[in-house]
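First comes the structure, then the notes that go with it.
In this text the structure is predicted, and so the values were computed from the model without any measurement. Each chain gets a letter, A, B and so on, in the order its sequence line appears, and its residues count up from 1.
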Amino acid sequence: MNNREIAELFEKVAYLLEIRGDNIHRILSYRRAGETIRDVSQDLSELHEAGQLTSISGIGKTLAEKIAEMLETGRLEFYERLVVEIPESILDLMRVEGLGAKRVKLFYDKLGITTLDGLQEAAENGRLRELPKMGAKSEAKILKAIESLKKHGDGRVLLGTALPIAETILAELRQLPVVTRADIAGSVRRRKETIGDIDLLVAASDAEVVMDHFCGLELAADVALRGPTKSRIVLDNGVGVDLRVLPSENWGTLLSYFTGSQAHNVRLRELAKKKGLSLNEYDLSAVSGNAPPILCETEEAVYTALDLPYVVPTLREDRGEIEAALEGRLPQLVQLTDMRSDLHMHTTWSDGKASILEMAQTAQANGLQYIVITDHSYSLGIANGLDASRLRQQAEAIREANEVIGPDFEIWHGTEMEIRADGTLDFPDEVLAELDFVIAAVHTALKQPREKITERILGAIRNPHVDMIAHPTGRLIGRRDGADVDLEAIFAAAVDHKTILELNANPHRLDLQDTHVRRALEIGVRIAINTDAHHPDQLSFTHFGIATAQRGWATASHIVNSWLPSEMRTFLMSK
DNA sequence: GCCGTTTTCGGCCCGACTGTTTTCAGTCG
């Protein structure tokens, strides 16, 4: 079993224990273990072999034994015993919004409901309302939630989808005269790669006006709840948007609280507690005595009150940032303004939508100093890939574009060359030698067994002409899992051969992902943040890559795009 | 089930909203 499968099984165990009515803290241990394991970039099997499973925070003796059992046997006896007691299909019911363990258990115990369809039928036939604490309204809500679940799934969307929506709504609310402050909070602010709910905070002299406007937004397909300080609308795509209208004198604690993550908040509260303070969304108050509560108008003030340096939202995941803050070793994270290049983009020569010059001019307007044009190579026929002859014609076109754009900007010539299914490359060394920068990538046969696909990529890394591996796992978030590659081996080889690995900034990819970046940097891999733009507009994807790099604790010195053209040349010469 | 500068026991965050109650349980974040 791999990390993801182990994480999922622990999360299922947590739900089953919850339905069974087990101790809440035991349940949370399993749930947190699942969440933590999703964040671990190293393979659990490696940690197991090294006897280091319990070095993962939240994994103690018992859970380490269970992980070992799953790794060695591919099964978890504890889970198998649980599903004898409670049918596995019941877990589907927990995915219905508004249903938790208590009601799911009630439906099972009293009506024998074990499936989503069974629940829908019972609701349609008015059988749920006969149960204690249930009524017609609850029944209708459940039907609606089932419909939404069947239509939209769990409703997680890409950051690239959620962020523009959040910014649009925020901009509209800011136009209301009563609004004095407005911010995005939650996972959008932390720039998580996928988003469950959009969280917005507003300070206003009249909450009612804001709520009216919010619930009446054209985007709102449905108003899920409406209170004096909190409302929630649901959009056509199934995404929920929560709005809280709150006072501004304690904006710092509010923004901090609603930005999360929950795990980070828990750590902050523990720190507060050790100082004899209680931290909630409203203030920091003394646990005993009658000192007046501390109001924080800024987040900086919250961290200062806890004797911590400010922790930026992209780090707030309880992945060691609290410890680093306490010890004064928070990283100086890479910023958008550090970027001087984009090393991966396409033009009309292959499957891009704009000319070399259009891409270059947009990149220059975005503040870059140089770019590399990297159209596809010929075996990716679907993308109109270039053969050696067209590649040489393109070299001429790039020379011409350089003349037009003038001396303040450089257009380099490169390729995004296929690593074919058999591991061979699309161009021979003598063709690659003519290029300024060579990317190699896999786009096909991503389902190959681990050893085979890993060896394909390792082969490319070992080729002295290959400067970078693009989107190393090939994942498309929510659509396609990445290839089963041995990233540890790839990171080690990338260091040995001075091969750059890409953090692809396209919001569908974000590959390497944040946890991979973190691990790669520990090993000493050089990372590039590139847009892989197929259109000038997509050159603005860089900020998604920056956010992901920050979530991977990257500083400017880790990111090769911070180098001057001359520095990059020197590096490439040294390979 | 985890964890420890209150360390091997006893904590483990807590407030808003809804629907069903007649004072609160369930769910969510």
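The residues A:E85 and A:R81 are annotated as not salt-bridged, no charged nitrogen and carboxylate oxygen being separated by less than 4.0 angstrom.
The aromatic rings of A:H264 and A:Y303 lie tilted to each other, with the angle between the two planes from 30° to 60°.
With 3.5 Å as the limit, one finds a donor-acceptor pair spanning the side chains of A:T555 and A:H558. Under 3.5 Å, the side chains of A:R156 and A:T194 contain a donor-acceptor pair of N or O atoms. For the 3.5 Å distance criterion, the side chains of A:Y30 and A:E18 fail to qualify, holding no donor opposite an acceptor. In summary, the side chains of A:R475 and A:Q513 do present a donor paired with an acceptor at a separation below 3.5 Å, with no hydrogens or angles considered.
Counting only distance, with no hydrogens or angles, the side chain of A:S89 and the backbone of A:T114 share a donor-acceptor pair below 3.5 Å.
With sequence neighbours left out, A:D242 forms a side chain to side chain contact (heavy atoms under 4.5 Å, CB included) with A:D197, A:D199, A:R232. A search for side chain to side chain contact (heavy atoms under 4.5 Å, CB included) contacts involving A:H152 returns A:S148, not counting sequence neighbours. Among residues two or more places apart in sequence or in another chain, the ring pair (Phe, Tyr, Trp, His ring centres under 6.0 Å) test is passed with A:H516 by none.
Taking atom C1' in both B:dT7 and B:dC12, one finds a spacing of 15 Å when rounded to whole Å. Distance noted for atom C1' between B:dG15 and B:dT8: 34 Å (whole Å). Between the P atoms of B:dT23 and B:dC28, the separation comes to 26 Å (whole Å). Across B:dC13 and B:dG29, the matching C1' atoms stand 12 Å from one another, rounded to whole Å. One P atom belongs to B:dG26, the other to B:dT21, and the distance between them is 13 Å to the nearest Å.
Nucleic acid contact class of A:K66 (heavy atoms, under 4.0 Å, all strands): sugar-phosphate only.
Remark: B:dC24 base-pairs with B:dG19. Criterion, Watson-Crick or G-U wobble with two distances under 3.5 Å.
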Summarise protein proximity over nucleotides 5-12 of chain B in one line of letters, 5' to 3': B for base, S for sugar-phosphate only, - for none, counting protein heavy atoms closer than 4.0 Å. -------B
How does protein reach along nucleotides 18-29 of chain B, written 5' to 3' as B (base within reach of a heavy atom under 4.0 Å), S (only sugar-phosphate), or - (no contact)? SSS----SSSSB
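Using a 4.5 Å heavy-atom cutoff, the side chains of A:I546 and A:V334 are in contact.
Atoms CG (A:D283) and P (B:dG15) sit 10 Å apart, rounded to a whole Å. Distance, A:Y282 OH to B:dC14 C1': 10 Å, rounded to whole Å.
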Between protein and nucleotides 2-4 of chain B, what N or O pairs are separated by less than 3.5 Å?
| from | atom 1 | to | atom 2 | distance (Å) |
| --- | --- | --- | --- | --- |
| B:dC2 | OP1 | A:G60 | N | 2.7 |
| B:dC2 | OP1 | A:G60 | O | 3.4 |
| B:dC2 | OP1 | A:L63 | N | 3.1 |
| B:dC2 | OP2 | A:T62 | OG1 | 3.3 |
| B:dC3 | OP1 | A:G58 | N | 2.7 |

